[in-house]
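Order of appearance sets the numbers: ligands from 1, and atoms from 1 within every ligand.
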Amino acid sequence: MELTTALLYLIPTILLYILFKPRSKNLPPGPKPWPIIGNIPALFSSAYPMHVALTNMARTHGPIMILWLGTQPTAVASTTEAAMEILKTHDRSFSGRAVRMSFRLKHHIKYSLVWADCSEYWKLLRKIVRTEIFSPKMLQVQEHVREQKVAELVEFLKGKEGQVVKISQLVFGTLLNILGNVIFSKDVFRYVGADGDKMQTLIKEMLMIGAAPNLAEFWPIFEEFDLQGLKKRCNQRFSEVMKMWKGTVEERKVKRNEEPKDMLDVLLLNDFNDAQINAVFLETFGPGSETSSATSEWALAELIKNPHILAKVRQELDQVVGKSTVKESDLPHLPYLQACIKETMRLHPAAPFLLPHRAVETCPVMGYTIPKDTQVLVNIYAIGRDPKTWKEPTTFKPERFLESDVDYYGKHFEFIPFGAGRRQCVGMPLATRTIPLIVSNLVQTLDWSLPDGKLPQDLVMNESLSLSLALDPTLTVIPKSRV
Ligand code: HEM
């Protein structure tokens with residue numbers, strides 16, 4: 001019945017599309033689209049994952065190109081200059097979000113930080129997050145908790161000596177615990193025991209569902225039918241995950257901390273209601289965990305694959321930290337480690353297209369016209385591997401960051417793993433502490449070998465793109481305590 005109704009909508013839409021196909025002038029170049037389906041076949045039937053397919057297409061069509069995903073125009077920026085025009089010169093015009101259909105949940109989207117346009121509420125939320133939740137003071141208050149969570153990970157791994165472990169799963173759990181403590185001062189992941197990873201499963205499933213291609217994104221006419229059931233499945237996970245923290249929120253409403261100690265205290269102090277609190281929690285657990293764990297996994301994989309670089313990291317740790325455990329306060333004194341993390345983010349950006357932007361008004365870019373409501377992707381994967389900017393672009397070479405002042409804060413458009421401008425990642429101050437802390441502790445205290453007697457050079461570094469740009473297959477390693 002639903003399908004029949006959908007077809008009744010679709011047929012007139014196709015006819016209208018053929019008759020009144022948008023013929024905006026001066027669009028950027030791009031591959032020739034098919035009627036109705038646009039460039040979907042070129043993109044999804046390619047032998048390469050989407051980020052590589054788009055990088056290859058840009059070689060033919062140039063720094064800014066346009067593709068039609070079904071009936072929806074998508075502009076893709078693939079050079080430093082194009083990124084700068086979008087995120088700096090015309091930052092306001094491109095500050096909208098192209099909202100993933102599966103995330104358009106009734107009680108969520110209204111209060112979303114990630115998916116809202118730059119409304120007054122969005123501005124307030126960002127201000128609170130920046131100045132009260134990830135402020136230098138609050139980050140310092142919680143520093144010892146993050147160090148403790150990383151120490152627990154290391155202890156667990158020491159107990160797994162000689163056994164094969166999937167590192168990303170454990171790092172993801174550690175990050176959920178770090179975030180759980182940022183959010184409401186509680187762990188949400190247990191290394192052992194039934195249901196210890198329930199939150200992890202729900203968050204991953206939600207992100208996976210959200211990242212899956214949704215027909216309604218290509219043909220918005222299908223939105224209300226939810227033909228693939230993606231929105232419904234996402235909503236179910238959201239309801240379940242909310243139940244996991246409901247008790248904590250209710251308890252805190254009754255018994256408040258005098259001084260704000262975590263995100264929940266801050267939100268209650270600012271009179272946030274339950275729906276607002278749920279949205280903020282979800283959007284901290286979601287983007288915070290997956291991106292940081294993918295980056296930590298890539299960094300460890302690169303260090304294992306490049307033993308001479310790992311040796312330099314350990315030498316720096318020996319000199320700066322000696323026999324003590326690496327603390328967050330050591331991180332500013334470990335430039336080589338920091339260079340390794342930057343090099344990881346250049347080669348393997350967790351969000352290779354940032355999050356999808358949207359033109360809130362028609363705007364020029366590099367002499368072309370981007371029509372209002374076009375989805376805009378900034379291909380930082382292509383930018384990070386552009387041979388015009390980077391020597392030996394596909395080689396893992398941390399030294400390049402020691403020799404330059406290029407940093408990830410959003411001023412150097414050739415390297416923007418956290419984005420730039422008004423939609424830049426709000427979690428950057430946390431991520432830039434947590435990831436080097438995890439990676440340095442893992443290599444300081446443990447030696448790593450590969451299963452089945454494989455040598456470092458045998459490590460396969462294939463990428464897959466779903467929730468984020470992930471190592472595929474995931475890194476399986478055997479830990480051994482270092483003496
Ligand atoms: C390696 C770690 C991380 C990376 C690479 C990363 C990357 C990004 C990127 C590329 C964006 C979109 C920027 C744009 O569209 O222009 C973003 C947005 C965002 N990130 Fe992160 N992120 C990381 C960690 C975190 C953490 C730890 C949190 C929170 C705890 C977080 C929360 C957010 C939020 C809420 C947004 C949406 C901001 C907005 O639209 O206004 N991220 N992040």
Is the backbone of [Y] close enough, under 3.5 Å, to the side chain of [X] for a donor and an acceptor to pair up by distance?
X: His357; Y: Ser95; answer: no
X: Gln424; Y: Gly419; answer: yes
X: Arg100; Y: Pro356; answer: no
X: Glu85; Y: Met366; answer: yes
X: Ser292; Y: Ser289; answer: no

Nearest-neighbour protein heavy atom for [atom], which is reported as residue plus atom name and distance:
atom: atom 35 (C) of ligand 1; value: Val426 CG2, 3.4 Å
atom: atom 13 (C) of ligand 1; value: Arg423 O, 3.2 Å
atom: atom 16 (O) of ligand 1; value: His357 NE2, 2.8 Å
atom: atom 6 (C) of ligand 1; value: Phe418 CD2, 3.6 Å
atom: atom 29 (C) of ligand 1; value: Gly427 CA, 3.8 Å
atom: atom 24 (C) of ligand 1; value: Thr291 OG1, 3.4 Å
atom: atom 25 (C) of ligand 1; value: Cys425 SG, 3.6 Å
atom: atom 26 (C) of ligand 1; value: Gly288 CA, 3.3 Å

Side chain, backbone, both or neither: [X] near ligand 1, heavy atoms under 4.0 Å:
X: Arg422; value: neither
X: Pro417; value: backbone
X: Ile435; value: side chain
X: Thr295; value: side chain

Assess the side chains of Asp262 and Asn181: does a donor N or O sit below 3.5 Å from an acceptor N or O?
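Judged by distance alone, the side chains do not pair up.
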Among side-chain atoms of Asp472 and Asn462, is any donor-acceptor pair under 3.5 angstrom?
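No, no side-chain donor-acceptor pair sits under 3.5 Å.
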Check for me whether [X] has a heavy atom closer than 4.0 Å to any atom of ligand 1.
X: Leu179; answer: yes
X: Phe134; answer: yes
X: Arg97; answer: yes
X: Trp122; answer: yes

Nearest non-hydrogen contact with atom 32 (C) of ligand 1 belongs to which option: Pro287, Gly286, Cys118?
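Residue with the shortest heavy-atom distance to the ligand atom: Pro287.
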Under 6.0 Å between ring centres, would you say that holds for Phe184 and Phe281?
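Under 6.0 Å, so yes.
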Would you call the rings of Phe415 and Trp390 parallel, tilted or perpendicular, taking 30° and 60° as the class edges?
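It falls in the perpendicular class, over 60°.
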Phe44 atom CZ, over 12 foreign heavy atoms within 6.0 Å
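More than 12 within 6.0 Å, yes.
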May I ask you to test the Val188-Trp245 pair for a side-chain heavy-atom distance under 4.5 Å?
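Result no, sub-4.5 Å side-chain heavy-atom pair not found.
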Element-labelled atoms of ligand 1 that are located less than 4.0 Å from some non-hydrogen atom of [X]:
X: Leu113; result: 35 (C), 39 (C), 40 (O), 41 (O)
X: Arg126; result: 38 (C), 39 (C), 41 (O)
X: Val114; result: 35 (C), 37 (C), 40 (O)
X: Ala431; result: 2 (C), 24 (C)
X: Leu354; result: 10 (C), 14 (C), 15 (O), 16 (O)

Between ligand 1 and Ser292, is the shortest N or O to N or O distance under 3.5 Å?
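No, since none of the N or O atoms of Ser292 sits under 3.5 Å from an N or O of ligand 1.
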Enter the distance from Cys340:SG to Leu310:CG here, rounded to the nearest 0.5 Å.
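Output value for this atom pair is 9.0 Å.
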If you round to the nearest 0.5 Å, how far is OG of Ser93 from CD1 of Ile370?
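Between Ile370 CD1 and Ser93 OG, I get 11.0 Å after rounding to 0.5 Å.
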Residues Glu240, Lys243: salt bridge by 4.0 Å N-O rule
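The answer is no: the pair does not qualify as a salt bridge.
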